[in-house]
Amino acid sequence: MSNTLMNALMTTEKAQNIIRGYGGFVVCIEGGDGCGKKTQAQKVVEELNTSKFNPKYTQLQFSHEYKSADDAEKIKTTYLTRPDAMYVEFPRYDKESSYFIRKYLRGDYVKSNLSFEKVCDFYALDRYDAWIGDNLRDEYLNGAPLIFDRYCYSNIVYQSAKKLLENYPDIYENFRQDNLTIAMKEDIYSIADYVVDSEINSNANFPIPNIIIYLVFNDDNNREKLIKERVKNNPSRKLDINEEDNMLMWLVNDFGAKILKIAATHIRSKEGNHFPDIIEIPCDISSTVNGLTTYKTRSIEDIHMHVMKAISYAYGKWDAGLTSKLIQESWNTTAGKFNNSMTDWTEVTIIE
């Protein structure tokens, strides 16, 4: 192969830089306390690091046809590595950056009547410390898939639920009957605007996930049992101010995904703003015997299969976007030098 052709082909370094600049695949797992977010997030990381959803290599095949060459076609194959997926839990209770969050959840600020903006800032500061202080941003830009156990969208759900409960005593019934007024939705809009502007659109420039998985129990009793078991298994752990508020927990579990969908519609209506797809996945299933309906908690493996099905779809869209960018850049690199002498230029395939 001639040196001229070699110079025209995309180099490994250039392709790797494209992957770095494109950023990693991001999954956000949300839901009420006790729904199994941590368990599912950790299983997703394990799955991504051992399955076709996170190939360790991308194979680029560059095919060129010469007008005057002895060999009709030459192929250069480049192998690009991708980092392993990472599990990230927010808040990071073992870090100094969660100091104000821990005090808030203990109830130290109950009498101070904190604004939702201040509470959101507590959580945002912890994420900023992870993103910049602990170099999570570098991992993301290097192409590492990130699996978030909670993210800024928890702020939208919890702070909206608290505000709605404060302003509308019958808000649970309003949600159940799908009867939300404009004023109710505007409470959600105001919080969504603040969270997105202060985290996603700010100088911190936190990544927008490719998908939000929202875990929900159809029967709140099943979720409450898991919370009680968690406390029982760890005597030093006490319920925080959110977990002690049953109405808040019911609203977050039963209608948290709906709150996010209302927020998503609002944010997407603003030019240049994006909001991830939201997939609601039940943690229990119903059965009816003699007219009596009961709910049985699904197995961890059963829920995981459902979670991975949703992630597979989102991953496919993300990977197609990255592949398209690599192909387009390859075309820009080679087309100007070979023009009509090149009839077949490139394919990108994934090695499982």
Side-chain angles (χ1 to χ4, degrees), residues 28-35 37 89-93 97-128 148-172 174-175 180-202 204 206 208-209 212 214-216 239-268 270 273 275-276 278 280:
C28 173
I29 298 187
E30 295 283 2
D33 294 64
C35 67
K37 295 181 298 299
E89 182 181 21
F90 291 117
R92 303 176 307 152
Y93 291 114
S97 56
S98 67
Y99 173 78
F100 291 106
I101 300 172
R102 285 178 274 127
K103 287 178 69 70
Y104 166 69
L105 292 175
R106 285 201 308 261
D108 293 1
Y109 302 135
V110 169
K111 294 181 180 180
S112 61
N113 194 27
L114 289 174
S115 66
F116 77 80
E117 292 94 339
K118 188 66 67 179
V119 175
C120 289
D121 288 346
F122 291 163
Y123 289 90
L125 286 171
D126 180 50
R127 279 187 281 275
Y128 184 83
F148 291 151
D149 174 357
R150 291 204 185 283
Y151 193 39
C152 60
Y153 304 104
S154 278
N155 273 344
I156 295 177
V157 172
Y158 276 77
Q159 296 308 312
S160 294
K162 288 188 175 188
K163 192 170 185 179
L164 290 168
L165 284 168
E166 180 181 347
N167 293 340
Y168 310 98
D170 297 327
I171 188 62
Y172 189 94
N174 289 109
F175 268 111
L180 266 63
T181 65
I182 295 298
M184 293 171 183
K185 292 181 179 180
E186 286 177 345
D187 279 347
I188 298 173
Y189 297 163
S190 64
I191 293 170
D193 282 336
Y194 185 81
V195 170
V196 171
D197 287 342
S198 63
E199 299 203 38
I200 303 299
N201 296 338
S202 71
F206 296 155
I208 300 175
I212 297 174
Y214 203 95
L215 301 178
V216 60
L239 296 180
D240 61 41
I241 59 171
N242 290 338
E243 293 169 330
E244 289 179 336
D245 188 337
N246 286 334
M247 282 303 301
L248 175 65
M249 289 293 93
W250 293 339
L251 200 61
V252 166
N253 175 75
D254 296 0
F255 301 113
K258 195 165 193 175
I259 289 173
L260 284 181
K261 289 174 183 177
I262 292 170
T265 300
H266 169 67
I267 295 298
R268 290 169 186 159
K270 303 166 73 173
N273 282 261
F275 205 99
I278 305 153
E280 192 172 359

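For the numbers below, each heavy atom of this structure counts, side chains included, while hydrogens, waters and symmetry mates do not.
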C152 side chain reached by F206 side chain, heavy atoms, under 4.5 Å: no
Taken in chain and number order and not counting sequence neighbours, the residues that satisfy side-chain hydrogen bond (donor to acceptor under 3.5 Å, both in side chains) with S115 are E117
Side-chain donor or acceptor of R150 paired with backbone N/O of G31 under 3.5 Å: yes
Ring pair (Phe, Tyr, Trp, His ring centres under 6.0 Å) involving Y128 - partner list, sequence neighbours excluded: none
Under the rule for side-chain contact (heavy atoms from CB on, under 4.5 Å), what residues qualify as partners of A264, not counting sequence neighbours? R268, F275, I278
Sequence neighbours excluded, the answer for salt bridge (Lys or Arg N to Asp or Glu O under 4.0 Å) partners of D254 is none
N174 and L164, any side-chain heavy atoms less than 4.5 Å apart: no
What pairs with F100 under side-chain contact (heavy atoms from CB on, under 4.5 Å), at least two apart in sequence or on another chain? Y109, F122
Taking C-beta and beyond as the side chain, do N155 and R127 meet within less than 4.5 Å on heavy atoms? yes
If you draw a 6.0 Å radius around CG in N246, do more than 12 non-hydrogen atoms from other residues or ligands fall strictly inside? yes
Within-4.5 Å side-chain heavy-atom neighbours: L215 and N253: no
Applying salt bridge (Lys or Arg N to Asp or Glu O under 4.0 Å), can you list everything that pairs with D121, at least two apart in sequence or on another chain? none
Is there a side-chain contact between F90 and F148 in this structure, where contact means two heavy atoms from C-beta onward sitting under 4.5 Å apart? yes
Spacing of L251 atom CG and K258 atom NZ [to the nearest 0.5 Å]: 11.0 Å
Residues which pass ring pair (Phe, Tyr, Trp, His ring centres under 6.0 Å) with Y93, listed by chain and number, not counting sequence neighbours: none
Ionic contact status for D245 with K162, cut-off 4.0 Å: no
Who pairs with Y158 by ring pair (Phe, Tyr, Trp, His ring centres under 6.0 Å), at least two apart in sequence or on another chain? none
Short question: side chain of E244, backbone of I241 - any donor-acceptor pair under 3.5 Å? no
For Y99, what residues pass the side-chain contact (heavy atoms from CB on, under 4.5 Å) criterion, not counting sequence neighbours? R102, K103
Heavy-atom side-chain contact between E30 and V157 under 4.5 Å: no
To the nearest 0.5 Å, atom OG of S154 lies from atom CD1 of I212 at 9.5 Å
Heavy-atom count around K118 NZ within 6.0 Å, excluding the residue itself: above 12? no
Closest heavy-atom pair and its distance - P91, D126: CA-OD2, 3.4 Å
Taking ring pair (Phe, Tyr, Trp, His ring centres under 6.0 Å) as the test, write out the residues that go with F255, two or more places apart. Y172, F175
Closest contact, heavy atoms only, S97 versus L125: CB-O, 4.4 Å
What I'd like to find out is whether the side chain of I171 reaches to under 4.5 Å of the side chain of M247, using heavy atoms alone. no
Which pairs would a plain distance check flag for residues 183-191, meaning a side-chain donor or acceptor within less than 3.5 Å of a matching protein atom at least two apart in sequence or in another chain?
residue: D187; atom: OD2; partner: N167; partner atom: ND2; Å: 3.1
residue: S190; atom: OG; partner: K163; partner atom: NZ; Å: 3.3
residue: S190; atom: OG; partner: D187; partner atom: O; Å: 2.9

Under the side-chain contact (heavy atoms from CB on, under 4.5 Å) criterion, do V196 and K270 qualify, and how do the steps go? CA-CA 12 Å; V196 171; K270 303 166 73 173; over 6 Å; no
With sequence neighbours excluded, what pairs up with K37 under the salt bridge (Lys or Arg N to Asp or Glu O under 4.0 Å) test? none
